[in-house]
Amino acid sequence: MQFLALATIAVTLCTASGKNILLTNDDGWAATNIRALHRDLTAAGHHVVTVAPTVQMSGNGARFGVPASTTLKTPALFNYPPAGSPSWGHEEDDYNIWYFDGTPAACVAAGLDYIIPNYFSNMTIDLVLAGPNEGNNQGERDFVISGTIGAINYGVQRGYSGIALSGANSNNSFFKDNLNDNPNDAPNIYSKKTVELVNQLFESQGENPRLLPLSSGLNVNFAVAGEDLDSDCIDLQFKQTRFTGPNAKVYKIGYNETSNMILGYLPGEYDPVKYCAAGDCSLPDEFSVVKTCAVAITAFTLDTDVDADTDAKIFSRLTKIVF
């Protein structure tokens with residue numbers, strides 16, 4: 001493996017239909033899911049530059065954290081690379097796969113502002129992808145917590161079309177141990193379905209200059225699927241969903257009197273996340289759909305302003321002090 005700075009890197013030419021894709025995640029650059037997706041997007045003719053964290057960064061949301069020094073003070077996940085290595089670098093045999101000792105959002109920035117301008121002739125990025133995460137990211141609860149969604153939220157803020165991808169195989173696996181070509185294993189199922197989704201979007205783009213409308217992105221969740229997850233679900237079906245709904249959950253904490261420990265990430269039932277305030281209220285929520293052999297796809301926008309009626313109700317109570 002090579003971790004030395006490069007003077008130049010020749011850009012690999014894409015096929016006529018291939019697009020330039022920036023890929024990241026929050027599980028780390030050596031995770032099986034992201035390596036499967038990088039492999040399959042490349043095989044589909046796309047030019048993929050992967051820039052992902054050195055360590056597990058789940059739960060960081062859109063936090064912007066960059067390397068504190070030029071070398072790793074602690075080893076990367078799976079000791080790949082070890083402590084003392086440069087804080088950013090690339091695979092010895094693949095210049096298109098980089099690690100960066102920062103949060104997922106910062107990895108997107110590193111790709112856009114440093115790696116691509118300096119090593120890939122400042123090529124134009126057509127799409128930013130994050131994942132597939134090892135574990136689902138559903139509902140409003142994960143929209144603000146997930147590093148996977150946070151990376152895409154940041155990419156969309158920068159003006160790029162973005163898709164957050166999350167799978168149900170929460171195994172935190174090392175690609176050198178687990179990446180294979182079995183089409184019925186979860187990483188490969190999720191990867192192939194992602195390629196199908198990406199290709200369909202590009203095919204439908206036509207002459208539109210943007211893949212997705214400005215300030216919008218997609219949140220994608222794959223159900224439990226694959227032989228390695230002891231599931232007979234192999235052929236996942238795409239279904240349109242929404243963040244809120246009757247089965248949406250909120251995290252809460254509990255207390256174990258025996259161990260005197262606080263327990264986190266417990267599911268809670270609260271009305272606000274079940275309430276439909278925007279969009280198509282007839283759509284099922286992500287929580288319901290991922291229980292079936294399906295892929296939940298939710299569209300989101302960065303505009304979190306309330307609707308005009310709600311705005312008027314709130315500020316009617318503040319007329320004495322807000323002008």
Task: Under 3.5 Å: donor-acceptor pair, side chain of Tyr190, backbone of Ala168 - done: yes

Open item on the list: Taking side-chain hydrogen bond (donor to acceptor under 3.5 Å, both in side chains) as the cut-off, I'd like each qualifying pair that reaches into residues 300-309, sequence neighbours left out, listed once.
Closed with: Asp307-Thr310

Task: Listed partners of Gln237 passing side-chain contact (heavy atoms from CB on, under 4.5 Å), at least two apart - done: Asp235

Task: Aromatic plane relationship, Trp88 with Phe100 - under 30° parallel, 30 to 60° tilted, over 60° perpendicular - done: tilted

Open item on the list: One pair to check against side-chain contact (heavy atoms from CB on, under 4.5 Å): Leu179 and Arg39. What are the steps and the verdict?
Closed with: CA-CA 10 Å; Leu179 184 60; Arg39 176 199 64 196; 3.5 Å; yes

Open item on the list: Could you measure the distance from the OG1 atom of Thr194 to the CD atom of Glu196? Nearest 0.5 Å is fine.
Closed with: 9.5 Å

Open item on the list: Please check this pair: side chain of Asn118 against backbone of Tyr114, looking for a donor-acceptor N/O pair closer than 3.5 Å.
Closed with: yes

- [ ] Hey, could you give me the CD/CD1 distance between Glu92 and Ile97, rounded to the nearest 0.5 Å?
- [x] 13.0 Å

TODO: Taking Thr103 for its side chain and Arg63 for its backbone only, find out whether a donor-acceptor pair lies under 3.5 Å.
DONE: yes

TODO: Answer yes if Leu23 and Met57 sit in the same cluster of Ile, Leu, Val, Met, Phe, Trp and Tyr residues linked by side chain heavy atoms under 4.5 Å apart, and no otherwise.
DONE: no

Open item on the list: Test question: given the 4.5 Å side-chain rule for I, L, V, M, F, W and Y, name all other residues clustered with Tyr275, or answer none.
Closed with: none

Open item on the list: Test of understanding: with side-chain contact (heavy atoms from CB on, under 4.5 Å), list the residues that count as partners of Ala30, not counting sequence neighbours.
Closed with: Phe78, Tyr80, Phe174, Phe175

TODO: Show your working on side-chain contact (heavy atoms from CB on, under 4.5 Å) between Ser85 and Tyr99 and close with a plain yes or no.
DONE: CA-CA 11 Å; Ser85 301; Tyr99 70 88; 4.1 Å; yes

TODO: Measure up the Trp98 and His90 rings against each other and bin them: parallel (under 30°), tilted (30 to 60°), perpendicular (over 60°).
DONE: tilted

TODO: Would you confirm whether Ser87, through its side chain, and Pro67, through its main-chain N or O, come within 3.5 Å as a donor-acceptor pair?
DONE: no

Task: Whichever hydrophobic residues join Leu263 through chains of side-chain contacts under 4.5 Å - done: Leu266

- [ ] Hey, could you give me the CD1/CD1 distance between Ile125 and Ile116, rounded to the nearest 0.5 Å?
- [x] 3.5 Å

Task: Side-chain donor/acceptor of Asp285 to backbone N/O of Asn247, under 3.5 Å - done: yes

Task: Residues clustering with Tyr255 (ILVMFWY side chains joined when closer than 4.5 Å, directly or via others) - done: Ile253, Ile262

Open item on the list: Taking the basic N atoms (NZ, or NE/NH1/NH2) and the acidic carboxylate oxygens, is any pair closer than 4.0 Å for Asp94 and Arg35?
Closed with: no

Task: Pairs touching residues 122-134 that satisfy side-chain hydrogen bond (donor to acceptor under 3.5 Å, both in side chains), sequence neighbours left out - done: Asn133-Thr148

Task: Separation between CG of Asn136 and CZ of Phe287, rounded to the nearest 0.5 Å - done: 9.5 Å

Open item on the list: Working to the nearest 0.5 angstrom, can you tell me the gap between Ile145 CD1 and Asn60 CG?
Closed with: 11.0 Å

Task: By side-chain contact (heavy atoms from CB on, under 4.5 Å) - contacts of Leu211 (at least two apart) - done: Leu127, Ser161, Leu201, Phe202, Gln205

Task: Transitive ILVMFWY cluster of Val250, excluding itself - 4.5 Å side-chain cut-off - done: Tyr270, Val273

Open item on the list: Tell me whether His47 contacts the main-chain N or O of Asn20 through its side chain, where contact means a donor paired with an acceptor under 3.5 Å.
Closed with: no

TODO: Measure centre to centre between the rings of Tyr154 and Phe64, then say whether the value is under 6.0 Å.
DONE: yes

TODO: Starting at CG of Asp185, measure out to CD1 of Ile234 and round the result to the nearest 0.5 Å.
DONE: 8.5 Å

Open item on the list: Looking at Ser121 and Met123, would you say the former's side chain and the latter's main chain have a donor-acceptor pair under 3.5 Å?
Closed with: no

Open item on the list: Run Trp29 and Ile34 through side-chain contact (heavy atoms from CB on, under 4.5 Å) and show every step you take.
Closed with: CA-CA 7 Å; Trp29 79 309; Ile34 193 173; 5.7 Å; no

Which atom pairs, one a donor and one an acceptor, fall under 3.5 Å between side chains of residues 48-55 and the rest of the protein, sequence neighbours left out?
from: Thr50; atom 1: OG1; to: His38; atom 2: ND1; distance (Å): 2.7
from: Thr54; atom 1: OG1; to: Asp101; atom 2: OD1; distance (Å): 2.9

Open item on the list: Checking side-chain hydrogen bond (donor to acceptor under 3.5 Å, both in side chains) between Asn188 and each of Asp228, Asn182, Asn180, which is the one that passes?
Closed with: Asn180

Task: Set of ring pair (Phe, Tyr, Trp, His ring centres under 6.0 Å) partners for Tyr265, sequence neighbours left out - done: Tyr251

Open item on the list: Suppose the criterion is side-chain hydrogen bond (donor to acceptor under 3.5 Å, both in side chains): which pairs have a residue in residues 289-299, not counting sequence neighbours?
Closed with: Thr241-Thr298, Glu286-Thr298

TODO: Check for a donor-acceptor pair, side chain of Asn221 on one end and backbone N or O of Asn137 on the other, with a separation under 3.5 Å.
DONE: yes

Open item on the list: For Asn33 and Asn169, which I'm curious about, is there any donor-acceptor pair between the side chains at under 3.5 Å?
Closed with: yes

- [ ] Kindly check if the number of other-residue, nucleotide or ligand heavy atoms within 6.0 Å of CG (Asp181) is above 12?
- [x] no

Task: Atom NZ of Lys239: over 12 foreign heavy atoms under 6.0 Å - done: no

Open item on the list: Does the Lys NZ or Arg CZ of Lys193 fall within the cation-pi geometry relative to Phe222 - under 6.0 Å from the ring centre and within 45° of the axis?
Closed with: no

